[in-house]
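Here is the structure we will look at.
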Amino acid sequence: MKRTVSIQDISCFGRCSLTVALPTLSAMGIETAIVPTAILSTHTAGFQGFTFCDLTEEMDKIAAHWQKEGITFDSIGTGYLGSDEQIATVLSFFETFGKDALIFVDPVMADHGKLYPAFSADFPAKMARLCEKADVIVPNLTEAAFLLGEDCVLSGYDEAYIHALLKRLTSRFGCQVAIVTGVVYTPDQQGVVAYDAKEDRFYSYFGENLPVTFHGTGDVFSSSLCGALTLGMELTAALKVAVDFTIAAIRATMGVEDRYWYGVNFEAGLSDLAATCQDFKA
Ligand code: PXL
């Protein structure tokens, strides 16, 4: 059985980060350890007055104990971090546990051209340091631009722009694979585009561009993609598994867009996802 560790916050309500990653990765048949970066009553994008408890000190203690126990991982996935100081904590976690593990960094910090409320303008430069240690990074278009210190281009781009952006990401950060999410070339389709720098090859997978916006879809995509790669799926197959799972979650939530910040019904697709992964033989 493969073993992963997911490092991100627990937003107690609002279907994102660990409340999505843990059930998703478990359903995929992967033993899933967690390192919570913070506990919040809800996520920060859509609720007012959320509580926040920073767990930076706990993270170091958890890692020290695991190191004593000789625990190892096939992959390490990171998501939303609670503070700037946690960049150093996660870098040291990579040092200790990352040598033989796939390092998968979702640089969660921004969307729709704006940083999430808890982050200051210098956070992207700090998140870039994590990307430098990653094998795979999965920014959305906003995060990709912020990581590179470029202006955000959120519409009106073409395939040549996305391909060049991906090449800038892999060469700047030295990661083998960069994947940008939320790519729309024609209004009816939305998907993801990947570049494998070692193979010098692009991959993409698109589905229907559903006319709705929900919070947490990036986390649904990245946890299922991290799981698929941890299981040993090829990039093409992994992108399909993750995009299909995300679209199924969005479809299952359509009709309740008035509470878009409550996240998506990914639970509806978990049994199909489990079956797909069960059928997969590495
Ligand atoms: O879905 C990303 C995410 C995760 N965790 C917290 C967030 C967000 C996005 O806003 O606020 C706490």
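In listed order, ligands and their atoms are each counted from 1. Hydrogens, waters and symmetry mates are skipped; everything else that's a heavy atom, side chains included, is used. Numbering starts at 1 and runs along the sequence shown.
Of the protein's heavy atoms, Tyr80 CE1, 3.3 Å lies nearest to atom 7 (C) of ligand 1. At the top of the distance list for atom 1 (O) of ligand 1, counting protein heavy atoms only, stands Asp219 OD2, 2.8 Å.
For ligand 1, the atoms lying closer than 4.0 Å to a non-hydrogen atom of His43 are 6 (C), 7 (C), 11 (O), 12 (C). For ligand 1, the atoms closer than 4.0 angstrom to any heavy atom of Ser11 are 5 (N), 6 (C), 12 (C). Listed by number with element, the atoms of ligand 1 under 4.0 angstrom from any heavy atom of Val108 are 2 (C). Counting atoms of ligand 1 from 1 in the listed order, those under 4.0 Å from a heavy atom of His215 are 1 (O), 8 (C), 9 (C), 10 (O). Listed by number with element, the atoms of ligand 1 under 4.0 angstrom from any heavy atom of Asp9 are 4 (C), 5 (N), 6 (C), 12 (C). The contact set between ligand 1 and Cys16, taken as ligand atoms under 4.0 Å from a residue heavy atom, comprises 1 (O), 4 (C), 5 (N). Close contacts of ligand 1 with Tyr116, meaning ligand atoms under 4.0 Å from a residue heavy atom, involve 9 (C), 10 (O).
Both the backbone and the side chain of Thr44 come within contact range of ligand 1, each with a heavy atom under 4.0 Å.
Taking a 6.0 Å sphere around CG of Asp151, one finds it holds 12 or fewer heavy atoms contributed by other residues, nucleotides or ligands. Shown here is Gln189, whose CD atom has more than 12 heavy atoms of other residues, nucleotides or ligands within 6.0 Å.
Not a single heavy atom of Gln8 lies less than 4.0 angstrom from ligand 1. Assignment of Gly218 to the shell around ligand 1 is not supported, since no heavy atom sits closer than 4.0 Å.
Between Ser75 and Thr4, the side chains place a donor N or O and an acceptor N or O closer than 3.5 Å (distance only, hydrogens not considered). In summary, the side chains of Tyr80 and Asp219 do not present any donor paired with an acceptor at a separation below 3.5 Å, with no hydrogens or angles considered. Looking only at atom types and distance, the side chain of Asp9 has a donor-acceptor partner in the side chain of Ser17 under 3.5 Å away.
The structure places CD1 of Ile87 at 12.5 Å from OG of Ser92, a figure rounded to the nearest 0.5 Å.
For Lys61 and Glu58, the salt-bridge test passes: some basic side-chain N is under 4.0 Å from an acidic carboxylate O.
For the side chain to side chain donor-acceptor pair (under 3.5 Å) with His215, the qualifying choice from Arg15, Arg259, His43 is His43, the only one to do so.
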